[in-house]
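Worksheet: one structure, shown below.
This is a predicted model, so every value here is computed, not measured.
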Amino acid sequence: MEILNKKISLIEQEHFRISHSDSTKKSETAHANHPNETYKSQENAVVTGDVPEPESELPIQPPVKTKRYVKEARPRQNTKSRKNYGYLHKDDILQGNRKAFYKRFMDPMEVDQGLQDETIYSGLLRINKHNRQEAYITSDSLEGDVFISSQRYRNRALEGDMVAFQLVKEIRTTKVDEQDNTKEKGKTRTHPCGVVVYILSRSPEQIFSGVLISDLNGNRNVVCKEDGKNDKEKEKSSNESLWFRPLDKRVPIIFIPASYIPLDFKYNQEYHKNILVSAEIIRWRIDSMHPIGKLIKELGPIGSFDSEEKVILTDHNIRDEKFSEEIMSGLPSIPWEIPSVEYKVRRNYSKERIFSIDPATAKDLDDALHIKPYENGMFEVGVHIADVSFFIKMGTPLDKEAYRRGTSTYLVDKVVPMLPPLLCEELCSLNPGVERLAFSVVWIMDAEGKVYNTWFGRSIINSCAKLTYEDAQSVIEGRGLPSTARLFSQSVKDVETDILYLYQLSQHMRARRFNNGALSMNSVRLSFKLDKDGNPDSVFAYESKESNRMIEEFMLCANMSVARKLYECYPDQSVLRRHAPPIERRLEEFIRFADALGYDIDGSSAGALQCSFDMIDDEDISSVLKILATKPMQRAKYFCTGSLHQSKYIHYALNTPLYTHFTSPIRRYADVVVHRQLQAALDKNDQNIMIYLALYLYRLEEKQGLIVCPAIVLQVGKEAFELLVPEYGLERRCYLDSLSLKGGLFDEEKNTITLYWNKNTMPHLQVGKLKSTDDIEEITPVEEAVPSSPSESTEALTKEPQPASVENDTSHHSEYVQKLSPFIRLQVLLQADMNTSPPIIRVYPINPFADYPKFFPR
């Protein structure tokens, strides 16, 4: 699920105010279910001062003129505060003799000046999900992350907030983990530190899911003592107040005043102990560790499937609600016809042989293609995207709602749309047999897919067929279109010929793209077959075939073409998407790890990395290494040209200097923005899966008994080893102290871990639990591994672990010995726990020496 960057708001406000004031806004669309895109030196920062003590009330410098960041009216302040501090945020007003727990927010005008002269920096805050006291800020103005050492210095900022911060003289030094088996072990790493001085923007309407508790740590007054005894809101409701404990550990416990508590809670507290609810923060005062909030609604009982799905949507701020009457009133009525004026201002492709290729279940058909051969051997190829921006005018209620939602969210059983179904399934959807508005990119290409000319513009199309990826794949494999494919006014032979033309061009385009240095590291994607009640009946890994890759090439080509056009017209204001190179230190660790296994990985560029993976013959080993290689990768981001140095515009994975999102405006608001900008330029000249998988495994165990399947060892360490369950795409870490072992021995030189088992212990009878990778820090890649050659690793993948003797080691007096090293296969037991929130899938390594009962699968 891709969500818009918070900077899009500034782009909307500043860029389109300049370039779109008198433009006609129209757009296109691309299909939400396409796996079409691969996402995956500056001066040293000036140290500005020590971290100030929050309790001390430091004077603020006089404000200077500014034109940004000031959105709030200055609150009334007492004379003493105004005299000493100038600006005072409403949450920074102290009452009586209370002491401040946080630093006061800086004057926004001073923040703006500091951002301009680079004494203050801005960036996105990330909080350690395992330790809420630690956070990092990623800033485009600095190399590397800035460490925020505590909740106090985070100054009431939450995960995902855009913050202003100052660097401090304090430097964080960390010792490399003892489990880090690289050459870095024993050394120290340093991180610049900072302190948040202002919150530039928060996620709008940020809501959290969690449970209500009547007291905290068994003491109702513990937080009141920390916040002071004169807090009138808490003192008044000391016997009636509640606490809200979020499921997301990065969010602090929230104080709920009596006025926001359900009336029935005091009479039915046992009921509410097992009920999930949602809440939001309404205020966070400078003298309190805990914010004040209010309850929004009840989500349902813990362990309920519907409740867990609501939790996912709530925690990701996804608006799963009906569109209001005000929004719907701005849409055309049905039946709808294209206005006659559009035929005069658009290029008419309604007579061309255009068709869409989408998943079989798709309802929002947002992209279609056509291809027409010329006598000289050249081809006309068009990508037509649904013109969403024709219906979404800037500043309207529909536009504001689409912006708030940001993207359509595709769950296993449903879609939470960005736009009303009337738009995304009817008026905008490129359904066959009806004329629709589109935004098109049309190229003149040669037989190898090289572009000689490009046309951009608004168009009218009439699709002749709604084809599926399976339909197109059947043609590619020489079996022709299935009889189930329905065509309008076109022959089967002509459509089959067009598909083959597109496929031939896409092969050349893809080969050239990877020869030029592109990188592909797609992870395992699960698909489910649901029964009539909506429960998962079967699960399988989604397989991307030639038909998928064919569509992908043309969508990527359209996005790149639009990016170049935008940059040409708006070199300082284009809305593009960039993908920064991987984190250098982590990439070097991965390369050393792979080298120790006998695999030479070249990380000098994305293309070099791809070539290294292509040279590995064993598919399992290549897949494992690709999974490990994703850990150093950074996330792609939207940005506005002119805000960064041009060297940072590059998309690393695609290895292209300019890239944007144009092909999916039905499901991504960023694409709507790009459509508007492209039109202006022409006028001028894309967790839920884990819940379904847990439910599927839970139901499967009820029907068939215990679930045992093969797993592959990814990494081994001093106290744990990491597993991949390929059948379900699960990665889990197993700690030795969670298994029924006499002991374990890690050989750093050979990169093996030896397990000394108790003979008759079975995993389903054990009390020990496997810790999830979601709840622990990741294992640092080891420096060396046991296979001395690739052939040894490949052979290991085909074998089940066998008992082995251990030379010169009798310390554990055990004859039940199992050695593990990377790429070794072993059997594991899967168990889904639906009584927790969220549900947990536990993975237990099976004791190969136990005498199992007959019912136990082997």
Give the intermediate values and the outcome of side chain to side chain contact (heavy atoms under 4.5 Å, CB included) for residues V388 and L419. CA-CA 9 Å; V388 178; L419 301 174; 3.5 Å; yes

Evaluate the criterion side chain to side chain contact (heavy atoms under 4.5 Å, CB included) for residue pair Y692 and E309; output intermediate values, then yes/no. CA-CA 9 Å; Y692 271 88; E309 192 170 77; 3.7 Å; yes

Assess whether side-chain hydrogen bond (donor to acceptor under 3.5 Å, both in side chains) is satisfied between N548 and Y542, documenting all intermediate values. CA-CA 11 Å; N548 301 84; Y542 181 84; 2.7 Å; yes

Take D471 and S474 through the side-chain hydrogen bond (donor to acceptor under 3.5 Å, both in side chains) test and state the conclusion after the steps. CA-CA 5 Å; D471 293 337; S474 178; over 6 Å; no

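A salt bridge links R549 with E546: the closest approach of a Lys/Arg side-chain nitrogen to an acidic carboxylate oxygen falls below 4.0 angstrom. Electrostatic pairing of D364 and R667 does not count as a salt bridge here, judged by no charged N lying under 4.0 Å from a carboxylate O. Of the charged side-chain nitrogens involved, at least one lies within less than 4.0 Å of a carboxylate oxygen, so that R676 and D399 count as a salt-bridged pair. With respect to R405 and E401, a salt bridge is recorded, a charged nitrogen being found less than 4.0 Å from a carboxylate O.
Within a 6.0 Å sphere centred on CZ of R404, heavy atoms belonging to other residues, nucleotides or ligands number more than 12.
In this structure, H661 has its ring center closer than 6.0 angstrom to the ring center of Y638. Checked against a 6.0 Å centroid threshold, the rings of Y649 and Y659 do not count as neighbours. Centroid-to-centroid, the aromatic rings of W336 and F391 come within less than 6.0 Å.
Residues forming a salt bridge (charged side-chain N to carboxylate O under 4.0 Å, His left out) with K545 (at least two apart in sequence, or on another chain): none.
Within the structure, every pair that satisfies the salt bridge (Lys or Arg N to Asp or Glu O under 4.0 Å) test and touches residues 501-510, not counting sequence neighbours, is listed here: R510-E552, R510-E553.
L678 contributes atom CG, which lies 10.0 Å from atom CZ of R458 (distance to the nearest 0.5 angstrom).
Screening Y452, Y374, Y501 against F379 for a ring pair (Phe, Tyr, Trp, His ring centres under 6.0 Å) leaves a single residue, Y501.
Formation of a donor-acceptor pair under 3.5 Å by the T454 side chain with backbone atoms of W443 is not found in this model.
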